[in-house]
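What follows is a set of notes on a single structure, which appears directly below.
Sequence lines set the chain letters: A, B, ... in the order given, protein chains first and strands last, and positions in each chain run from 1.
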Amino acid sequence: MGNRNVYLDNNAATRVDERVVRYMDRFHESDFAVASSQFSHTPGIKAKDAVEQSRETVAKSLGAGTDEIVFTSGGTESNNLALLGIARGAGETKRNRIVISAIEHFSVLHSADRLAREGYEVKKSPVDGEGFVDTEALSRLVNDRTLLVSVMHANHEVGTLQDLAAISAIAHRNGAYFHTDASYSFLQIPIDVKKTGIDLLTADANMVHGPKGTGALYIRKNVPLSKIFEGGYQEYNIRPGTENVPGIAGFGKAVEIWDAEDVRRTALLRDDLKDRLVRGIEGTLINGPQDMKKRIPNNINVSFNYIEGESVVLHLDMRGIAVITGSACFSRALQASHVLLAMGFTHERAHGSIRFSPSKYTVPEDIVYTYENVQDVVARLRELSPVGKK
Amino acid sequence: MSLPYSEKVIEYFKNPKNVGEIENADAVATEGSPACGDMVKLFLKVDPDTRVIEDIKFKSYGCASNIATASIITELAKKKSIEEAKKINWKQASDALGGLPPVKVHCAVLAVDALKTAIENYEHKRGIVTKKEPTTVKMIRKRLARVINPLTGLDVLKVNFVKEISLNDGKVDILVDLNSDHQFAGNIKEEIKERIEPLWDIDRVEVLFLDQAVKAEKP
């Protein structure tokens, strides 16, 4: 089988594109000043120009206005800002209900938990066996006392893409705002915030070959959002603190050079890996949509019957392949994936789940190498397993 | 690369010793469940005269430390008398592996439990238990409390998964809330039998599934 290094954890972090790294260097080495007002010194204005250029690029990619984009430290902060910020910004209102889905990222789930502790009524919409929000159940949960509906566009574990327009319609029919965490779908799937009816949208630079520690929140004009920590007047007085100029510049560059052809190629590699696993390894179950078009192009998640995921991950790691599992053994909290459990799967299925996420840097040889090694590891672990038919 | 595991754990994980099953084993024990993410099954062959563990094999579902500790336990117990083997504790297993990450200690405990249960089962089966108490339904329930339902991760007594237990003259019938064609039916049946059958005064254990019980009722 030879030896390769194959990185298939792009739903967690991506390799930063060389062009992005080179562009960012400038803002560390020479144009390092604080981005400041137009009445400041020249280095400050240069930095400010770079930030504004990125803002324009990111805004354009979403069909948003430039004054509707606020840069943050990443997806987690954007999600916190969306949920906590709207609760702070709404002020005194009879609307005290927040509706989210059961499969949100921890940054949304735990922000909602915080609001629940502060007196908000938080409702979680169930999902079906493929991870799709049950829109009928959702519309029963959203009422005229609902302040915000927050449902992620693509799920980080199983890649399920939600029907944002339908969910937005449910929120708006009831006068609620609609937030979507698009961290995992941003650019992978084109989104027009105006046409889709989105009030708040989270994006993360590191999911699109941009730097870590940089994200954005789209805030539709006139949405009453308040800052959630105190400081200066940066980012329209919504996100205080010195702008992360290199990060923001790199984010803009990553968006600028994004190529839809890479998305198409990545999807083909993903499809190829899926086909090999399903055909070649008996007892491979797909987690998430069976129809690959209904999930992000860079995600496939499967469970292998009768074996546990951490062992698979460790064996593959020793062969140079980087993937993750939804197994409790693997998680910092020692809990099985809440996403897979919410989809109605048994703990055993969650413990046996493996996520493979390729990127534009993945080549066909990586897929073959991964498949051959997965097949071997699964066979070895099944040989060892006391469960299942032999 | 800094893995959280010692080199020894990794070595046993990659090349576990004493893997497999023993046909006509003198004792078998299973601890844990796929639902909890960890499961160990041990098979013993014991010399009836010397009571020395002649052969011991294991199967494991779980993470690296689960596989490594189960493997090391088989090595520590092999060729020991059952009295000596009973004294093996998780600390010895962990030390023999060059230590385990704190969050993985429960894996070592699980493997040690499996060894203890296997020896206990052997003693019951051979009638060499020190106190020959007659089995009661209460004792059966106590043993069943360690069988985990892989669907829920809870023991089979919780949420009334075990619907009925009857004990009659060394014969035990257990009705479970599952159909016989379920993916885990075989495993659950095997585990329940394994827990109860070794008891010194039990001759036969039947595990009945819902569909079978319903059929049986029909004339």
For A/His156, ring-ring contact (aromatic ring centres under 6.0 Å, His included) partners two or more places apart: A/His105, A/Tyr184

Chain B contact via A/Arg380 - side chain, backbone, both or neither, heavy atoms under 4.5 Å: side chain

CA sep, side-chain torsions, deciding dist, call: A/Glu157, A/Arg355, salt bridge (Lys or Arg N to Asp or Glu O under 4.0 Å): CA-CA 7 Å; A/Glu157 292 186 32; A/Arg355 180 182 76 187; over 6 Å; no

Partner set under ring-ring contact (aromatic ring centres under 6.0 Å, His included) for B/Phe13, not counting sequence neighbours: A/His315

Parallel, tilted or perpendicular: rings of A/His347 and A/His351 (30°, 60°): tilted

Close approach to chain A in residues 64-92 of chain B, criterion heavy atom under 4.5 Å: B/Ala64, B/Ile67

Listed partners of B/Glu23 passing side-chain contact (heavy atoms from CB on, under 4.5 Å), at least two apart: none

Residues A/Asp366, A/Arg4; criterion salt bridge (Lys or Arg N to Asp or Glu O under 4.0 Å); working and verdict: CA-CA 8 Å; A/Asp366 293 336; A/Arg4 297 180 79 83; 2.9 Å; yes

